[in-house]
Amino acid sequence: MSTWALVGSPNSGKTTLYNWLTGSKSKTVNYPGSTVEYNVGKLRAHLAERINDQEITIVDTPGVYSLTPQSEDEQVTHDVLYTQHNVDSLNGVIVVLDATQLSRHLMIAKQIVDSNYQTIFVVTMLDLIEKEGSQIQLEELKNELGPNIVLFDGILGRGLNEIVDLLPVTPANDEIFHHENWDIEKHTQVIQWAENLAAKTIVNRNEQKSAAHFTNQADKVLTHPILGLVIFFSIMTLLFASIYWAATPLMDLIDGLFSSAVAVATENIPGLFGEFVGNGFIAAIGGVVIFVPQIFILFLGIGILESTGYLARVAALIDKPLSMVGLGGRSFVPLLSGFACSIPAIMATRNITSKKERLIAQSIIPFMTCSARLPVYALLIAFLFGDENPLLAGLVMALMYFGAIVVGAIAANIISVFVNDTTKSRLIMELPLYRRPRFGYIFMQSLSKAKSFVVKAGPIIFGLALILWFATNFPRPEVVEGQEPLSAVEIAKDSYASEVGQAVEPIFRPMGVDWRVGFGLISAFAAREVFVSSLALMFNITDEDEDAAQQGLLAAMKKATFENGEPIFTVASVAGIFIFFMIALQCTSTVGILKREMGSWKPALMQLFFSNLVAYCLAVTVVFVLKSFGL
Amino acid sequence: MKKFILEKIEVPKGAANADLIKRLYDLGLHPGLEVEIVSKISFNSVTVIQYGSTRLALNEEEFACLHGR
């Protein structure tokens, strides 16, 4: 058995080659102590046949500009090459060189050669070179780098067999030298060597026919100071609409299927066990699977934008406004996605290379107005304005969205002070050539992300959902024989969550609400929209029809009073609930995914604690101020 | 579009970021190279430059390291 690492710059065609070599059956792994993922896979069976079925493992390392690491991605590649904690000892390195960027990519080649690794050099992007009418002459390249050089066409797979034939050669070199940090003089020497070598290798270039020519023309429009922004906002709106609207029918379908499964279980399995299987177990699994369509669609969108080369332009276009809150352009798509749902949005922060920026983005995404907040806002707005003032209702809704952005910006500034990273936010971004996206690969990658969510974050979300189900359904009072079974309202009223709600009522009182609203706020930790159904439960609203239930709940809210006869729901207390929902981190699924993406419970729980503390304090302050104005 | 010959790559006075200079070299920038300013984007704060087949977007701090005539 032997192991080979694929090493190259970003956009060099490394992952395309990896897919040709291993097929779709690869394993995505996290390097220990890092959130950076890379792929490890076995050589495809039909390719292994060429070399007597030898078992060969291929490691696709993150793209690097140098083997002196300056980012978490580059550190992982460096460690795979030089410390090899997480991979089998390397037999050799396949260095991937983009023929259209050969002089730059030869610098990585030089660093690998100096490391004394057994090396195969693969020159990619043949289709682009052929299209522009250039020729590749390998003699000089072989003189400098050795004989193991293969030309590879990522579209048709030409050159694949030659690469495979070179894999099982001699055993690994015993002595590997770490890449020395080059000084400026050495750097300049290597650049000049690489430029000369590239000029002798790629000959007869025709600038007018080159892929760079098309990119330059497209960039005149796509990165135009004004038109570029218009196109950018249009594409982002389309992406956002996709996660929001295109996912809805699929989510409804999943919801319907799981609701049916819950009904089948509770109707056919008698007693408490049936309830556990249905409302506890199956519903908790449904609570995980429901996010899959949004995660899949978001990563499909990001994958398409990234593989066309446009995502790098997005990052550059939006860099200035985001840099004002300590973020970079790569944070934009995850932040925007947060307005649909925090779960896929937090997963999308993996695309942010700076650790500090990633942490800030992960921390502020939960403030964005996700779709689960909308039923709560709709109820509260309907309570305040009814159907009489749609303009004012719209204004309040817009204010909630704007408020979320302001809160996020303030939080980002605060968090950036506490993150122990003094390096300045860096853009320095290569704008790659525009390419046609490889839909098949992007589709498989998006499926893999969705699967990774179910397998890795799923158990945490599932566990938290079960705990909440238990808290809102137990203890069960004894049912005397012949007596009607307890209704959901009766169970909920005596549940642990209700007990907690009543016990901590003094905490909710300053927010201007009683324990019933407190129960709603606690239940909302399952999912924010549960607040509405919990409130309906507490106020005995049993209408099956959604509109009738909403009207019934609104009427009950208007009549609800404290023991002293004072109304519970006033402008002040409703404003307090608004503020609480805008800031508080209530969604346990979000806490679960934060734990997964941040790598430990500590930051996730800290965020849970501080968000809720700030939300509570602000809500109490707003209620106090508004009450003093008699509202 | 303005072209210039890169004379030196240096962090402006007062700033300290040796890694940034190294990264600019990693990306193939070096004294004597002809660089073209393609456009200014993101509210005039990001400069897109082109040299050979490489196109880079740099923020103000990064672009300030490139000195040329």
Side-chain angles (χ1 to χ4, degrees), chain A residues 9 64-66 68 70-71 98-108 181-184 186-188 190-192 194-195 198 202 205 207 210-212 215-216 219-220 223-225 228-229 312-313 315-323 328-329 423-433, chain B:
Chain A
S9 293
V64 290
Y65 289 114
S66 162
T68 304
Q70 288 201 15
S71 70
D98 174 354
T100 66
Q101 307 280 336
L102 192 60
S103 62
R104 267 199 311 115
H105 291 196
L106 279 170
M107 287 196 280
I108 301 283
N181 200 352
W182 289 341
D183 60 20
I184 298 302
K186 173 75 177 169
H187 234 127
T188 311
V190 175
I191 293 172
Q192 278 161 357
E195 281 182 347
I202 313 288
R205 297 198 83 160
E207 291 298 329
S210 72
T215 294
N216 297 350
D219 267 347
K220 282 182 184 165
T223 61
H224 186 273
L229 281 176
R313 271 87 181 167
L317 277 166
I318 203 71
D319 184 72
K320 178 70 177 176
L322 286 177
S323 67
T423 53
K424 288 193 174 175
S425 180
R426 203 184 260 186
L427 173 66
I428 201 163
M429 182 161 299
E430 186 186 354
L431 304 181
L433 297 176
Chain B
M1 284 182 282
K2 197 176 136 193
K3 285 184 181 177
F4 65 95
I5 303 292
L6 199 52
E7 285 183 328
K8 56 182 178 181
I9 306 175
E10 210 172 74
V11 178
K13 275 186 182 169
N17 200 342
D19 280 352
L20 176 57
I21 299 301
K22 262 197 62 52
R23 184 41 40 103
L24 291 166
Y25 275 94
D26 288 336
L27 286 160
L29 287 156
H30 64 91
L33 185 73
E34 187 182 72
V35 176
E36 180 182 345
I37 298 173
V38 178
S39 59
K40 291 265 186 187
I41 57 173
S42 196
F43 308 96
N44 231 20
S45 75
V46 171
T47 309
V48 179
I49 60 167
Q50 173 101 25
Y51 51 99
S53 308
T54 303
R55 186 163 275 218
L56 277 189
L58 304 171
N59 67 20
E60 283 158 332
E61 185 200 5
E62 292 152 0
F63 185 65
C65 297
L66 306 183
H67 305 271
R69 57 178 161 82

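A, B, ... follow the sequence lines: proteins, then strands. Residue 1 opens every chain.
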Undergrad: What part of S103(A) lies closer than 4.5 angstrom to a heavy atom of chain B: side chain, backbone, both or neither?
TA: neither
Undergrad: Atom CG of L317(A) and atom CZ of F43(B): how far apart are they, to the nearest 0.5 Å?
TA: 9.0 Å
Undergrad: Find out whether K220(A) and S39(B) are in side-chain contact, i.e. whether some heavy atom of one side chain is under 4.5 Å from a heavy atom of the other.
TA: no
Undergrad: Let me know if K22(B) has heavy atoms under 4.5 Å from chain A in its side chain, its backbone, both or neither.
TA: both
Undergrad: Under 4.5 Å, counting heavy-atom pairs only, tell me which of H187(A), M107(A), H105(A) racks up the most with chain B.
TA: H187(A)
Undergrad: Please flag which part of S9(A) lies under 4.5 Å from any non-hydrogen atom of chain B: side chain, backbone, both or neither.
TA: neither
Undergrad: Would you give the length of the straight line joining atom CD1 of I184(A) to atom CD of E10(B), rounded to the nearest 0.5 angstrom?
TA: 10.0 Å
Undergrad: In terms of heavy-atom pairs under 4.5 Å with chain B, which of D219(A), L229(A), N216(A) leads?
TA: N216(A)
Undergrad: Answer with side chain, backbone, both or neither: which region of I41(B) has an atom nearer than 4.5 Å to a non-hydrogen atom of chain A?
TA: side chain
Undergrad: Write down the atom of S45(B), the atom of K320(A), and the distance for their closest heavy-atom approach.
TA: OG-CB, 3.2 Å
Undergrad: Between T54(B) and E430(A), do the side chains contain a donor N or O and an acceptor N or O under 3.5 Å apart?
TA: no
Undergrad: For the residue pair R55(B) / T215(A), report whether a side-chain donor-acceptor contact shorter than 3.5 Å exists.
TA: no
Undergrad: Indicate the atoms forming the closest heavy-atom contact of L33(B) with E195(A), along with that distance.
TA: CD1-OE2, 3.7 Å
Undergrad: Atom CG in D19(B), atom CG in N181(A): separation rounded to 0.5 Å?
TA: 8.5 Å
Undergrad: Between CG of L29(B) and CD1 of I191(A), what distance do you get to the nearest 0.5 Å?
TA: 7.5 Å
Undergrad: What distance do Y25(B) atom OH and K186(A) atom NZ have between them, rounded to the nearest 0.5 Å?
TA: 15.0 Å
Undergrad: Restricting to non-hydrogen atoms, name the atom on V46(B) and the atom on A316(A) that form the minimum distance, rounded to 0.1 Å.
TA: CG2-O, 3.6 Å
Undergrad: Can you measure from CE (M429(A)) to CG (N59(B)) and round to the nearest 0.5 angstrom?
TA: 10.5 Å
Undergrad: What part of I9(B) is in contact with chain A, defined as an atom under 4.5 angstrom from a non-hydrogen atom: side chain, backbone, both or neither?
TA: neither
